[in-house]
Amino acid sequence: MALSTVAWVTMLLAILALPGVASVVLVRSLRTEGRKLTLLREQGNLDSYSPQALKELREWIRTNPNNPYVADARQRYNECVRTLREIDDPYYDWSDDQIEELEVIEE
Amino acid sequence: MTDSPARTAREEWGSRFGFLMAMVGAMVGAGNIWRMPFTTGQNGGGAFLVAYILLLYVIAVPGLMAETMVGRYTNTGVIGSFRQVLQSKRGQGLGLVVLIVNVALMSYYAPIIAWALYYTVHSLLLTFTQPGFQPQAFWEGFISNPALVIGMHTLTMAGLAGVLVFGIRRGIERVVKWMIPLLVIALIAVGIRGVTLPGGTEGLAFVFTPEWESLARGSTWVAALSQALFSTGLGWGIALTYGSYLGRYDDVPLGGGLFTAVGNTSIGLLAVFATFPVVFAFGLEPSAGSNLLFISLAEVFPELPGGAAWAIVFFASFFFATFTSGLGITEVGVTTVSEETDLSRTGSVLAVCGVIWLLGLPSAYSSSFLDQMDFMFGTFGLPLATLSIIVLVAWKIGPECARVIDLNRNTGIYVGRWWNPVVKYVIPAVMIFILGYGVISSIGTENQTLMILGVAFMVVLTVVSTAVMSIIGEASTGSVELASEGGD
């Protein structure tokens, strides 16, 4: 029995959405690890947040000053800012101007 | 419980590949191979796949991100995570619930690994291609021989202990790094062989032809929900435990969430190609569960050219799938016991494997007892455990707090605000729905008594666990504890 066109389409879409995506994610995950390890070997340190993620972290710290996790958040924020100032080649897509504008938060 | 004696530095995964293979290996199990193909075919084929893939991306991926994140953030096992986040001795009781459900699940999963081991050994002995081989009689002869099934159960637990005793990097990681790639290669090879058999495409037609009207049936969505949530291992405590061994520069969303859920389901899809074309090519009755593997498929190997080799490839891959799950499930208990008691890693492995071996004896002895345990813990225990872990992130830490502080830290993909309502409302609602559906659908059926027993057991388990931990639990420090951060 030959497969109908709709069964072919469903099968190919399922292959694309599952093993296709899994393969891409696996390769991307291994490549990002490789880049992180290279940067760590060269610089000894890595920035932990992307510009968007760090902006959201700063906003969350500002709006949740009494949250029990805020001390941890401030520490992680400041650590990322200090690292960005120390290293030459950030892992995330940071521009020099963006790094220049960053300020540490009083802990 | 102890007063946290000084311990050596916590172990970490040796490589990204090792962590990813361990996560997928833990989540890929018997259900992917003997249930997913049949569930797909029975619930509308391609239409079911659409519902399933949708729910996988919308619910399972964010849920696994949350569970892995808790482990990475707290750097501890299940009870330690609940202690750090809930800051109460009683709250640790929910961690104990997750641990007990996990041990109970493993007690009846270990005999299934033992079945796979037995069939793998016999495939190597070329039993399935001997003249006069009768699969039904062979299966019944095995399953009704208490000494044999208990012996295989013992061998399985000894094998798991033998790997776990070497720890994360030298034990689990070393094994999964070759077992999972071999499993994938084996399933692809069997799949190609099956599809190229005369009549093999009928199996694909059964699975992939969409019956769109099935999307209007509630049962299709419930089946898709159950498969998407439970076959991905969400809420078993495995993602939390494996996540606790991640380093500070490791990503959570891409590997712990997306790859784990999609990779696991991809192997389920490969199982579709590996099983159903063969079943249909030989005119066998498609079924789910042990009958599909140990009777239906064992029947076709003698008739396949090179059948002995295909039997080895197929049963070895099934053994790899179940054994790597066994490692993940058992490690939840091992990590927790080694952290919460004075026992060494070796002592914890022996204690946990010994308890699982003992509790698994009834399931090894009686497959109907195994089915009853599966009904009770699969239907009521797992949603309860999942709910406990998700509530920890969604309602105690808070999804926005978790997302901005930890989830998006060192991430390979940015997770937006869409994640918050999914974790806070959708997943808990789905879990409560599944619990309720399990109760309602059992009323008036032969499972009614078992359902009442299951619900009562889970209520008692929760009450007793919280009471016990309020007495013996380790007091929290009174402030949010930071996970100790080591280098990569």
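Chain identifiers are assigned alphabetically (A, B, ...) following the order of the sequence lines, protein sequences preceding nucleic acid strands; residue numbering begins at 1 within each chain. Values in this document were obtained by computation on a predicted structure and should not be read as measured data.
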Worked verdict on A/Tyr92 versus B/Asn410 for side-chain hydrogen bond (donor to acceptor under 3.5 Å, both in side chains):
CA-CA 9 Å; A/Tyr92 291 106; B/Asn410 296 307; 5.2 Å; no

For a 4.5 angstrom cut-off between non-hydrogen side-chain atoms, does A/Trp8 reach B/Thr209?
no

Output the option from B/Val415, B/Ile397, B/Thr260, B/Leu258 having the highest count of non-hydrogen pairs under 4.5 Å with chain A.
B/Ile397

Around atom CD of B/Glu213, are there more than 12 heavy atoms from other residues, nucleotides or ligands closer than 6.0 Å?
yes

Stepwise side chain to side chain contact (heavy atoms under 4.5 Å, CB included) test for A/Lys36 and B/Arg16:
CA-CA 11 Å; A/Lys36 280 180 183 174; B/Arg16 186 74 181 157; over 6 Å; no

So, taking the atom named CD in B/Glu400 and the one named CD in A/Glu56, what distance separates them when rounded to the nearest 0.5 Å?
6.5 Å

Partner chain B: residue of A/Val6, A/Leu46, A/Thr32 with the largest heavy-atom pair count (under 4.5 Å):
A/Leu46

Side chain from CB out, backbone as N, CA, C, O: work out which of these in A/Tyr77 comes under 4.5 Å of a heavy atom of chain B, or both, or neither.
neither

How many angstroms lie between CZ in B/Arg409 and CG in A/Leu54, if you round to the nearest 0.5 Å?
11.0 Å

Kindly indicate, with the supporting measurements, whether the criterion side chain to side chain contact (heavy atoms under 4.5 Å, CB included) is fulfilled by A/Ser29 and B/Phe259.
CA-CA 9 Å; A/Ser29 190; B/Phe259 180 74; over 6 Å; no

Please state whether the side chain, the backbone, both or neither of B/Leu204 comes within less than 4.5 Å of a heavy atom of chain A.
both

Pair A/Tyr69, B/Asp406: side-chain N/O donor-acceptor within cut-off below 3.5 Å:
no

Indicate the atoms forming the closest heavy-atom contact of A/Ala22 with B/Ser266, along with that distance.
CB-OG, 3.7 Å

Using a cut-off of under 4.5 Å for heavy-atom pairs, which of A/Gly20, A/Ala71, A/Ser48 has the most such pairs with chain B?
A/Ser48

Under 4.5 Å, counting heavy-atom pairs only, tell me which of B/Gly412, B/Cys401, B/Gly200, B/Gly416 racks up the most with chain A.
B/Cys401

Report which part of B/Ile405 has an atom under 4.5 Å of a heavy atom belonging to chain A: side chain, backbone, both, or neither.
both

Given that the side chain runs from C-beta out, which part of B/Thr411 has a heavy atom under 4.5 Å from chain A: side chain, backbone, both or neither?
both

Check each atom of B/Phe273 against the heavy atoms of chain A and say whether the ones under 4.5 Å are side chain, backbone, both or neither.
side chain

Using the side chain to side chain contact (heavy atoms under 4.5 Å, CB included) rule, take A/Glu33 and B/Phe19 through it: C-alpha gap first, then chi angles, then the decisive distance, then the call.
CA-CA 12 Å; A/Glu33 189 210 25; B/Phe19 167 69; over 6 Å; no

Donor on one side chain, acceptor on other, B/Tyr249 and A/Asn45, under 3.5 Å
yes

Let me know if B/Phe17 has heavy atoms under 4.5 Å from chain A in its side chain, its backbone, both or neither.
both

Looking at A/Arg31, I want to see if its CZ is surrounded by more than 12 non-hydrogen atoms of other residues, nucleotides or ligands under 6.0 Å.
no

Contact class of B/Leu407 relative to chain A, heavy atoms under 4.5 angstrom
neither

Enter the distance from A/Leu18:CG to B/Ile53:CD1 here, rounded to the nearest 0.5 Å.
4.0 Å

Which value, rounded to the nearest 0.5 Å, describes the distance between B/Asn408 atom CG and A/Leu57 atom CG?
9.5 Å

Which value, rounded to the nearest 0.5 Å, describes the distance between B/Leu20 atom CG and A/Leu30 atom CG?
6.0 Å

B/Tyr57 side chain near A/Val21 side chain, heavy-atom distance below 4.5 Å
yes

Evaluate the side chain to side chain contact (heavy atoms under 4.5 Å, CB included) criterion for residues A/Ile15 and B/Leu269: first the C-alpha distance (whole Å), next the side-chain angles of each, then the deciding distance (0.1 Å), finally the verdict.
CA-CA 8 Å; A/Ile15 291 171; B/Leu269 191 71; 4.1 Å; yes

Could you tell me the separation between the CD1 atom of B/Ile413 and the OG atom of A/Ser50, rounded to the nearest 0.5 Å?
12.0 Å

Select one option (side chain, backbone, both, neither) describing which atoms of A/Asn64 are under 4.5 Å from chain B's heavy atoms.
neither

